Every structure is written in structure tokens, then in C-alpha cells.
Amino acid sequence: MNIKAYLEDQKKRVDRFLESLFTDRKRLSSLTESVRYSLLAGGKRIRPVLTLAACEACGMGEEGETLSLPVGAALELIHTYSLIHDDLPAMDNDDLRRGRPTNHKVYGEAMAILAGDTLLTEAFHLISNLKTKNPERLLKVIGEISQAAGANGMAGGQAIDLEAQGKLLLPQQLEQLHRMKTGCLMEASVVVGAMLADADTSKLRAIRDYGAAIGLSFQIADDILDVEGGTEELGKPAGSDEAKSKPTYPSILGLEASRRLAQESTDRALNALHSFDERAEPLREIARYIISRRS
Ligand code: GRG
């Protein structure tokens with residue numbers, strides 16, 4: 001399959017859906033402007049695409065077809081909130097994101113905080129508003145995503161990351177940090193796709209293993225790109241991890257060992273899908289793409 005064309009098509013579907021959000025004329029304000037500024041600034045849309053691909057791999061199901069796109073979009077809202085808050089002066093203090101000035105550089109810190117709060121909150125509203133014959137399943141989806149974004153996931157990982165700056169971490173500690181900060185939301189992206197397709201326990205387990213493994217390889221690839229990529233390709237300043245004394249895979253293991261670890265993690269992701277048929281091909285290709293991407 002042509003993974004580039006697949007990713008491009010799915011990204012377009014996601015972008016169209018995201019375009020339709022925060023457009024209520026009565027509620028248009030500088031807050032919604034600032035939300036749309038970051039939400040529609042581009043981005044690979046990898047989390048919603050993972051939701052769509054996992055749903056497809058598990059057979060889509062009656063409601064998977066209609067619900068996987070809005071649920072995937074909700075994950076992109078949460079991801080965008082995390083980027084806006086991550087860029088704030090109190091956190092990473094970055095000026096550039098997705099190739100444009102960061103949200104707080106354009107709208108000010110207070111509005112950027114509110115834009116993040118809005119995106120996180122509205123993500124759950126979006127899911128809770130979906131029409132379903134199986135509300136219990138949607139509750140499970142909400143549970144999965146909220147756990148991945150909260151203290152045991154992304155926010156908790158970000159807290160550990162802040163405290164780790166300038167410190168030497170063991171490889172296991174680095175893995176735990178990244179598992180929480182980046183991996184949990186990526187894992188949730190595929191798990192909710194599988195839930196919406198009514199996957200059985202063994203399929204759900206396999207999809208979760210796949211998600212955990214690509215979450216790790218995504219982060220290692222991100223660390224390597226920060227060393228090797230250019231600012232234009234990345235849409236954010238290259239070399240910023242080192243400049244901020246952040247512990248990263250290349251700084252702890254070296255570049256070669258980091259590449260090996262990313263490949264091993266990709267192999268684990270592919271192994272997790274061994275019992276899936278050709279409908280899992282997009283997931284397999286995404287796993288390969290994650291470690292070969294340039295942005
Ligand atoms: C503020 C609670 C809170 C959390 C922030 C995700 C995160 C936690 C910070 C982002 C810092 C960062 C660059 C992490 C590395 C991995 C990562 C999430 C990269 C950005 O995601 P992509 O590559 O970005 O999917 P696009 O722009 O394509 O959406």
C-alpha cells in the first residue's frame with residue numbers, strides 16, 4: 001500500500017472535521033480564534049489517523065464507521081491543548097510550533113492557557129454528544145482517553161519531565177517519562193478505535209501492545225529528529241532538547257543505540273499484529289513510517 005497517500009487522505013478527512021468545530025457565530029471570540037489558530041495550523045494528525053486505522057483493523061463495526069472520526073478528532077483537540085500549554089513560558093517557553101509563532105506569542109499567555117483549557121474540555125463534550133446505541137462503550141472510550149491525558153498519563157509525564165531537566169536519568173526512567181508523556185495518548189488513540197469496532201479482549205490486548213510500542217518508537221524518533229532535523233522541517237526549533245538540558249534517548253544512549261531501540265520497538269508493534277488480516281496493513285505501515293519520518 002502507498003502509506004503516504006493513505007496518510008494524506010486520512011489527514012484530509014480529519015482536517016475537514018476539525019474545520020467544522022468552533023464555528024458557532026454566537027460564540028466566536030478571541031478565545032475561539034486562538035483555539036482555531038492552533039488547531040488548524042497543520043500537524044500530522046497522527047493520533048486521529050491511528051484511531052481510524054485501528055478501527056479498520058478490527059473490522060470497523062456498525063458504529064465504528066461514524067464514531068471513529070469524531071473520537072479521533074477529540075484526541076487531536078487534546079493533543080493540540082498539550083502543545084499550546086507545553087510551549088508556554090512556564091513550561092518549554094517556545095516561540096515556534098507547527099511552523100508558526102506559538103499561541104501565546106500571538107494571543108498572550110492568558111488566552112493561550114484558556115485555549116488549552118477549552119480544547120481539553122470540548123474534546124470530552126464532543127464525545128459525550130455522539131449518538132450511539134451503546135453509551136456504555138462511549139463511557140469506556142471517555143475513561144480510556146481521560147486516563148491517558150491525566151496524572152497517570154500525559155500531564156503526569158509532563159510533570160516528571162519538568163522535574164527531570166538538567167538531571168541524569170536511567171534509561172528505564174526515561175522510558176517511563178515518555179510512556180506517560182507521549183505514549184499513553186498514542187496507545188489510547190488505537191485502543192479507542194478498537195473499542196469502537198467492538199474488538200474482543202484478545203484483539204484489544206494486541207492493539208494496546210501495538211500502541212505502547214509505537215508510542216515508544218515515536219518518542220525515540222522525535223528525540224533523534226530534534227538532533228538531526230532542521231528547524232524548517234520540524235516546524236519548531238531544532239536542537240531545543242539539548243539547549244534545555246532535557247534528558248533524551250540520544251543524550252543517554254547515543255544515536256546508534258537509539259536507532260536500534262526504535263527499530264526493536266517497531267518490530268514489537270508489528271509482532272503484536274501477527275494475528276490480524278490485511279485490514280491491519282495501514283497500522284503496520286504507520287509503525288514503519290513513524291521511525292522513517294522527517295517531521
Ligand atoms: C502540557 C499537560 C501538558 C503536556 C504536554 C505532548 C507534550 C506534553 C508535550 C509536547 C512536547 C514534545 C515535543 C513531545 C515529543 C513528542 C510529541 C508529542 C511531539 C509532537 O507531536 P506530533 O509530532 O506533532 O504528532 P504534530 O504537530 O504533527 O501534531
Side-chain angles (χ1 to χ4, degrees), residues 7-8 10-11 14-15 18 37-51 72-73 75-94 96-100 102-104 109 112-113 115-117 119-121 123 145-165 174-175 177-189 214-227 229 231 233-244 246-250 262 286 289-295:
L7 290 174
E8 208 38 58
Q10 299 292 60
K11 178 174 143 52
V14 173
D15 282 342
L18 294 173
Y37 173 82
S38 290
L39 189 61
L40 307 177
K44 296 179 288 298
R45 314 304 193 197
I46 192 77
R47 293 154 191 81
V49 172
L50 280 168
T51 305
L75 282 153
E76 188 67 18
L77 263 56
I78 295 174
H79 168 60
T80 305
Y81 125 73
S82 80
L83 298 180
I84 296 174
H85 281 193
D86 184 64
D87 291 334
L88 286 167
M91 298 219 192
D92 262 12
N93 195 16
D94 277 317
L96 205 59
R97 169 72 66 185
R98 291 173 166 171
R100 307 163 103 188
T102 43
N103 193 294
H104 67 272
E109 279 179 52
I113 292 169
D117 295 342
L119 283 159
L120 177 60
T121 315
I145 297 176
S146 55
Q147 275 298 292
N152 294 324
M154 189 172 69
Q158 179 77 348
I160 298 175
D161 193 19
L162 288 176
E163 288 174 346
Q165 280 177 34
L174 186 67
E175 182 169 336
L177 185 171
H178 286 316
R179 195 182 140 54
M180 290 169 73
K181 193 177 98 167
T182 321
C184 285
L185 202 63
M186 299 205 77
E187 185 179 312
S189 303
I214 58 155
L216 180 62
S217 52
F218 184 89
Q219 183 60 54
I220 302 173
D222 203 75
D223 284 359
I224 295 174
L225 275 173
D226 192 70
V227 177
T231 298
E233 272 176 311
L234 297 177
K236 59 176 187 175
S240 64
D241 291 339
E242 195 185 351
K244 288 174 187 136
K246 284 199 173 202
T248 64
Y249 280 95
I286 292 171
Y289 156 81
I290 276 175
I291 53 168
S292 65
R293 71 200 168 97
R294 298 302 305 158
S295 67

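One-based numbering, in listed order, for ligands and for the atoms of each. Computed from a prediction, not measured in an experiment: that's the story for all the values here.
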With heavy-atom distances below 4.0 Å as the criterion, list the atoms of ligand 1 near [X].
| X | answer |
| --- | --- |
| Asp222 | 15 (C), 16 (C), 19 (C) |
| His85 | 1 (C) |
| Arg98 | 26 (P), 27 (O), 29 (O) |
| Tyr81 | 2 (C) |
| Gln219 | 15 (C), 16 (C) |
| Gly43 | 26 (P), 27 (O), 28 (O), 29 (O) |

Nearest neighbour of atom 7 (C) of ligand 1 from the list Gly42, Ala41, Ser82, on a heavy-atom basis: Ser82
Main-chain N/O of Ile113 paired with His85 side-chain donor or acceptor, under 3.5 Å: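 Yes, His85 side chain to Ile113 backbone: donor-acceptor pair under 3.5 Å.
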Heavy-atom donor-acceptor pair, Thr51 side chain to Ser189 backbone, under 3.5 Å: yes
Closest heavy-atom pair and its distance - Gly116, Ile84: N-CD1, 4.4 Å
Minimum heavy-atom distance between Asp161 and Lys181, given as atom pair plus value: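 Looks like OD2-NZ, 2.9 Å.
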Validation row: Ile78, Arg47 side chains within 4.5 angstrom (heavy atoms): no
Test salt bridge (Lys or Arg N to Asp or Glu O under 4.0 Å) applied to Lys246 and Asp226, step by step: CA-CA 11 Å; Lys246 284 199 173 202; Asp226 192 70; over 6 Å; no
Proximity flag Arg47 to ligand 1, non-hydrogen atoms under 4.0 Å: yes
Carboxylate-amine/guanidinium contact Asp86 Arg97, below 4.0 Å: yes
Lys44, portion touching ligand 1 at heavy-atom distance under 4.0 Å: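 Contact part for Lys44 vs ligand 1: both backbone and side chain.
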